[in-house]
Amino acid sequence: MGLKLCLIGYGKMGKMLANLATNYDCTVVSIIDPQQNNYHSEISLQSIGEAEVCIDFSHPSVVLDNIQKVLSYKKNMVVGTTGWFDHLEEVQKMVENSASGLIYGANFSIGMNIFNRLVAEATKAFDRFPDYDVYGLEMHHNQKADSPSGTAIELSKTILANSSHKKTTLFDPAYRKIEPSELHFVSLRAGSIPGTHKVGFDSEADTIELSHCVRSRSALASGALQAAKWIKDRKGFYSFSDMVSSVLC
Ligand SMILES: NC(=O)c1ccc[n+]([C@@H]2O[C@H](COP(=O)([O-])OP(=O)(O)OC[C@H]3O[C@@H](n4cnc5c(N)ncnc54)[C@H](OP(=O)(O)O)[C@@H]3O)[C@@H](O)[C@H]2O)c1
C-alpha cells in the first residue's frame with residue numbers, strides 16, 4: 001500500500017496528486033474538501049483516518065487553520081498552498097512545539113529548484129565581470145491571476161543575493177533609463193504560453209540565457225509526493241529546498 005496520504009483540498013493540484021500517487025508508492029486514504037460532495041468536509045482525527053502524511057493544496061485563507069489542526073493531531077504534513085509566508089516564523093514555532101514534521105514550498109518543482117541554484121551560481125560568476133549585465137523575463141498564459149509570478153519574485157531575490165551590483169528589482173516598465181543597481185525582471189501575458197522563466201547575462205560580446213519552461217503541473221505534484229515520502233519519518237520544519245539539498249549532499 002506504500003505511504004498513506006490524506007489530501008486536504010481536492011482542486012486541480014489535489015486531483016493531480018491522486019492521479020500520480022501510485023507512481024510514487026503512495027495511496028490516498030482520505031480526501032478533505034468542504035466544497036466537494038462525497039469527501040470529508042472538515043479536518044478531524046476521524047477524517048484524517050489512518051493517513052501518515054497530510055498534503056494541503058487548498059486556499060490561502062484557510063491554510064493556517066489547516067496547519068494548526070493537522071499539527072494538533074500530531075500528523076506530518078506537506079504544505080503546497082501559498083500565501084501564508086508572512087507567518088513562517090509563527091508556523092515554525094508551532095511545528096517545533098508539536099511532535100510533527102512539516103515541509104512547505106512555493107514551488108514543488110525539482111527542476112525549478114535546481115534552476116534557482118543554477119541562477120545563483122551563474123549570477124555569482126558573471127558578477128566578477130562588469131561587462132555582463134543580468135536580466136529576467138517571465139511569460140505565462142493570459143489567465144494567470146498574478147503578475148509578476150511568485151517564482152519570478154523568488155528568482156529576483158536569488159539574483160540580488162548573489163550580485164554585488166544589483167540592489168533592487170524593477171518589475172514594472174521604467175519609462176526612463178534604468179539604474180545600474182536595478183535588476184529589470186519583466187512579465188508578459190498572452191495566449192496559452194506555458195510558465196516560462198528566463199534569466200540572462202548580456203555583454204557587448206555575447207548573451208547567455210538560462211531558461212526553465214513548465215511542460216505540466218504534474219512536476220509540482222510529483223515534487224509534493226516525493227516531499228511526503230521525505231517528511232514521513234522526520235520531525236521539524238523544512239522547506240522544499242532543504243529536501244533538495246539533502247539529496248544533493
Ligand atoms: N507549491 C506549489 O508547487 C504549488 C503548485 C500549484 C498550486 N499551489 C498553490 O496551492 C493552492 C491550491 O492550488 P490549486 O491550483 O489546486 O487550487 P484549486 O484548484 O482552487 O483547488 C483548491 C481546492 O481546495 C478547496 N478548499 C477550500 N477551502 C478548503 C478547506 N478549508 N479545506 C480543504 N479544502 C479546501 C477548494 O475548494 P473551493 O474551490 O470551493 O474553494 C478547491 O477545491 C493555491 O494556493 C496555489 O497557489 C502551489
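One-based numbering, in listed order, for ligands and for the atoms of each.
Looking at A224 against ligand 1, nothing comes within 4.0 Å, counting heavy atoms.
Contact annotation: Q36 has at least one heavy atom less than 4.0 Å from an atom of ligand 1.
Of all protein heavy atoms, the one lying nearest to atom 42 (C) of ligand 1 is D33 OD2, 3.7 Å. Among protein heavy atoms, the minimum distance from atom 47 (O) of ligand 1 is reached at T82 OG1, 2.9 Å. The protein non-hydrogen atom at the shortest distance from atom 30 (C) of ligand 1 is P34 CD, 3.6 Å. If you check which protein heavy atom lies closest to atom 12 (C) of ligand 1, you get S58 O, 3.3 Å. Looking only at heavy atoms of the protein, atom 19 (O) of ligand 1 is closest to K12 N, 2.9 Å. In this structure, the protein non-hydrogen atom closest to atom 2 (C) of ligand 1 is A106 O, 3.4 Å. For atom 38 (P) of ligand 1, the closest heavy atom belonging to the protein is Q35 CG, 3.5 Å. With hydrogens left out, the protein atom closest to atom 28 (N) of ligand 1 is V62 CG2, 3.7 Å, a heavy atom.
The shortest N/O to N/O separation between L220 and ligand 1 does not fall below 3.5 Å. At a 3.5 angstrom cut-off on N or O pairs, R217 counts as close to ligand 1. The shortest N/O to N/O separation between M13 and ligand 1 falls below 3.5 Å. Remark: ligand 1 and G80 share an N or O pair separated by less than 3.5 Å (distance only, no angle test).
Which parts of ligand 1 touch I32 is read off a 4.0 Å heavy-atom cut-off, strictly below it: atoms 33 (C), 34 (N). Taking a cut-off of under 4.0 Å to the non-hydrogen atoms of G105, the atoms of ligand 1 that pass are 1 (N). Applying the 4.0 Å criterion to heavy atoms of I8 picks out, from ligand 1, the atoms 33 (C).
Under the 3.5 Å distance criterion, with hydrogens and angles disregarded, no donor-acceptor pair is assigned to the side chains of H165 and S163. For the residue pair S149 and H197, a side-chain donor N or O sits within less than 3.5 Å of a side-chain acceptor on the partner. Under the 3.5 Å distance criterion, with hydrogens and angles disregarded, a donor-acceptor pair is assigned to the side chains of E138 and S187.
Between V214 and M112, every side-chain heavy-atom pair lies at or beyond the 4.5 Å cut-off. Contact of the V28 side chain with the L17 side chain is not registered, since no non-hydrogen atoms from C-beta on lie closer than 4.5 Å.
Using a 30° and 60° split on the angle between ring planes, Y104 and F237 fall in the parallel class, below 30°.
A salt bridge does not link K93 with E96: every distance from a Lys NZ or Arg NE/NH1/NH2 to an Asp or Glu carboxylate oxygen is 4.0 Å or more.
Applying the side-chain hydrogen bond (donor to acceptor under 3.5 Å, both in side chains) test to Y135 and every residue at least two apart in sequence or in another chain returns E209.
Other residues, nucleotides and ligands contribute over 12 non-hydrogen atoms within 6.0 Å of the NZ atom of K144.
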